[in-house]
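Here's the structure we're looking at; comments come further down.
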Amino acid sequence: MTLTDEDCLAETQAFNKQFETTAASRPAREGTPDAALLATLRRNRLGGDSPPVRLPHGQDRVIEGGVKVRVFVPDHVEGVYLHFHGGGWAFGAADGQDERLWQLAEQARLAVVSVEYRLAPEHPYPAGPDDCEAAARWLVRHAATEFGTQRLLIGGESAGAHLSVMTLLRLRDRHGITGAFRAAHLLFGPYDLSMTPSQRSFGSRRLLSNTDTLRRTYELFTPGTGPEQRRDPEVSPLFADLAGLPPARIVAGTEDPLLDDSLFLAGRWQAAGAPVHLGVVAGAMHGFTLFPLTITERELRRQREFLSTTGR
């Protein structure tokens, strides 16, 4: 494990405190959001109060199985990054971070395929994972024709990191596909939906995510299930056999209720035989890369370096 960015701790903690203060002035949301609130949250950028910027570089496509994707193709392509956005399986969109994905595409020389997977509560588990699996299978079959390369990478943030691991496991277990994706980049994901100790003990701090918000998120994604059912490896990859998975970079912050998820997954991933780089960002809360912080710029650079060099 590498603890990073301790020199930025004062800035990071000050931002967390400001975030908590602002969040405390808003009414706490209880239960399932109604249709109007869902529409507002989905329209706005994750972690923000305004719509995201859509760039002309992004191409909206519908691939096999009717799955929608948003594709960014730079002039020089040396790999394809299959990306799953975050948002608790209920929010977020493939066009929610065009600027960041286009920058990654250009600087890492990657075609980026971001999946518009179906969202809960209208489409609970397994709809979202099904879409991600379909997109991955399409890439395995068609990347060489579509993008001129078979160097495939996979990853995402938060729920997108969970979906990345689930997709790799489904490819292996359902289709006998291993080795097609050469690296996984996993940012602050939930890997045990029955709740790890850090999830349970985090409490009610009004950061981007806490114990209560996580619990409600899991209820939206897997309605009618309890903790025991959510320990199924089909739902919580921390309980799965992780053999045959590619090298991974796994990242979380010390102030993230999902910290244990990354720590535990990294240990099991490495024990199963694949190289792992585990990065823990000092003072960072869940979803910290959504915000204009020094640690965000550093993390995006480390992500870019990992995806541009791994699996060649």
Smallest separation among heavy atoms of Ala274 and Pro246, with atom names =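 That closest heavy-atom pairing would be CB-O, 3.7 Å.
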
Of the non-hydrogen atoms in Pro237 and Met166, which two are nearest, and what is the gap between them?
->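 Heavy atoms of Pro237 and Met166 come nearest at CD-SD, 3.5 Å.
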
Pairwise side-chain contact, [X] with [Y], heavy-atom cut-off 4.5 Å (strictly under):
X	Y	value
Pro233	Asp241	no
Leu55	Glu99	yes
Ser194	Phe239	yes
Arg216	Leu220	no
Leu207	Phe202	yes
Arg172	Leu169	yes
Pro126	Phe221	no

Test item: side-chain donor near acceptor, Ser204 and Asn210, under 3.5 Å =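 Judged by distance alone, the side chains do not pair up.
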
Any donor and acceptor pair, going by atom type alone, linking the side chain of [X] with main-chain N or O of [Y] inside 3.5 Å?
X	Y	value
Thr222	Glu219	no
Ser164	Gly160	yes
Gln270	Gly267	no
Arg100	Gly96	no
Thr2	Thr4	no
Arg230	Thr225	yes
His162	Trp89	no
Ser198	Asp260	yes
Arg45	Leu290	yes
Asp131	Val67	no

Give the intermediate values and the outcome of side-chain contact (heavy atoms from CB on, under 4.5 Å) for residues Val71 and Phe147.
-> CA-CA 11 Å; Val71 181; Phe147 305 107; 3.9 Å; yes

Answer yes or no: is there an ion pair linking [X] with [Y], defined by an N-O contact shorter than 4.0 Å?
X	Y	result
Glu297	Arg304	no
Asp60	Arg70	yes
Glu228	Arg231	yes
Arg170	Glu133	yes
Glu299	Arg302	yes
Asp5	Arg298	yes

Nearest 0.5 Å please: distance from the [atom1] atom of [X] over to the [atom2] atom of [Y].
X	Y	atom1	atom2	answer
Leu238	Leu263	CG	CG	10.5 Å
Leu265	Asp192	CG	CG	10.5 Å
Ser158	Phe84	OG	CZ	14.0 Å
Cys8	Leu293	SG	CG	9.0 Å
Leu153	His83	CG	NE2	13.0 Å
Thr310	Glu305	OG1	CD	10.0 Å

With sequence neighbours left out, what residues match Phe72 under ring pair (Phe, Tyr, Trp, His ring centres under 6.0 Å)?
->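 None.
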
Considering residues at least two apart in sequence or located in another chain, which fulfil the ring pair (Phe, Tyr, Trp, His ring centres under 6.0 Å) criterion with His277?
->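 Result, ring pair (Phe, Tyr, Trp, His ring centres under 6.0 Å) vs His277: none returned.
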
Donor-acceptor pairs under 3.5 angstrom involving side-chain atoms of residues 177-191: please list them, not counting sequence neighbours.
{"unit_1": "Arg182", "atom_1": "NH1", "unit_2": "Gly311", "atom_2": "O", "d": "3.0"}
{"unit_1": "His185", "atom_1": "NE2", "unit_2": "Arg249", "atom_2": "NH1", "d": "2.9"}
{"unit_1": "Tyr191", "atom_1": "OH", "unit_2": "Gly189", "atom_2": "N", "d": "3.4"}

Using the benzene-type ring in the case of Trp, are the ring centres of Phe91 and His85 under 6.0 Å apart?
->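 Distance test on ring centres: not under 6.0 Å, no.
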
Run the side-chain contact (heavy atoms from CB on, under 4.5 Å) check on Glu157 and Gln97 step by step: do they pass?
-> CA-CA 12 Å; Glu157 310 83 33; Gln97 46 184 315; 3.2 Å; yes

Please list, chain by chain and in numerical order, all residues satisfying side-chain contact (heavy atoms from CB on, under 4.5 Å) with Ala93, sequence neighbours excluded.
->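 Expected list: Asp95, Glu116.
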
More than 12 foreign heavy atoms under 6.0 Å from CD of Gln150: is that the case here?
->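 For Gln150, atom CD is not crowded (no more than 12 foreign heavy atoms under 6.0 Å).
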
Linking I/L/V/M/F/W/Y whenever any side-chain heavy atoms sit under 4.5 Å apart, do [X] and [Y] land together?
X	Y	result
Phe306	Leu300	no
Tyr81	Leu168	no
Val77	Leu82	yes
Leu214	Leu163	yes
Ile154	Val276	yes

Could you go through the side-chain contact (heavy atoms from CB on, under 4.5 Å) check for Gln229 and Val235 one step at a time?
-> CA-CA 8 Å; Gln229 292 163 296; Val235 176; over 6 Å; no

Test side-chain contact (heavy atoms from CB on, under 4.5 Å) applied to Glu122 and Leu38, step by step | CA-CA 11 Å; Glu122 300 94 328; Leu38 266 178; 4.1 Å; yes

Pairs touching residues 4-24 that satisfy ring pair (Phe, Tyr, Trp, His ring centres under 6.0 Å), sequence neighbours left out =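 For residues 4-24: Phe15-Phe291, Phe19-Phe291.
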
Criterion salt bridge (Lys or Arg N to Asp or Glu O under 4.0 Å) on Glu146 and Arg61, from CA distance to verdict | CA-CA 12 Å; Glu146 292 276 348; Arg61 295 183 56 179; 2.9 Å; yes

Under 3.5 Å, side-chain donor or acceptor atoms of residues 250-259 against the rest of the protein: list the pairs with distances, not counting sequence neighbours.
{"unit_1": "Thr254", "atom_1": "OG1", "unit_2": "Gly283", "atom_2": "N", "d": "2.7"}
{"unit_1": "Glu255", "atom_1": "OE1", "unit_2": "Arg205", "atom_2": "NH1", "d": "2.7"}
{"unit_1": "Asp256", "atom_1": "OD1", "unit_2": "Leu258", "atom_2": "N", "d": "2.8"}
{"unit_1": "Asp256", "atom_1": "OD1", "unit_2": "His286", "atom_2": "ND1", "d": "3.3"}
{"unit_1": "Asp256", "atom_1": "OD2", "unit_2": "His286", "atom_2": "ND1", "d": "3.0"}

Are His142 and Glu64 close enough, and set up right, to give a side-chain hydrogen bond (donor to acceptor under 3.5 Å, both in side chains), and what steps lead you there?
-> CA-CA 11 Å; His142 299 292; Glu64 294 171 7; 2.8 Å; yes

Would Asp261 and Thr196 count as a side-chain hydrogen bond (donor to acceptor under 3.5 Å, both in side chains) if you check the C-alpha gap in whole Å, the side-chain angles of each, and the deciding distance to 0.1 Å?
-> CA-CA 7 Å; Asp261 294 61; Thr196 53; 2.7 Å; yes

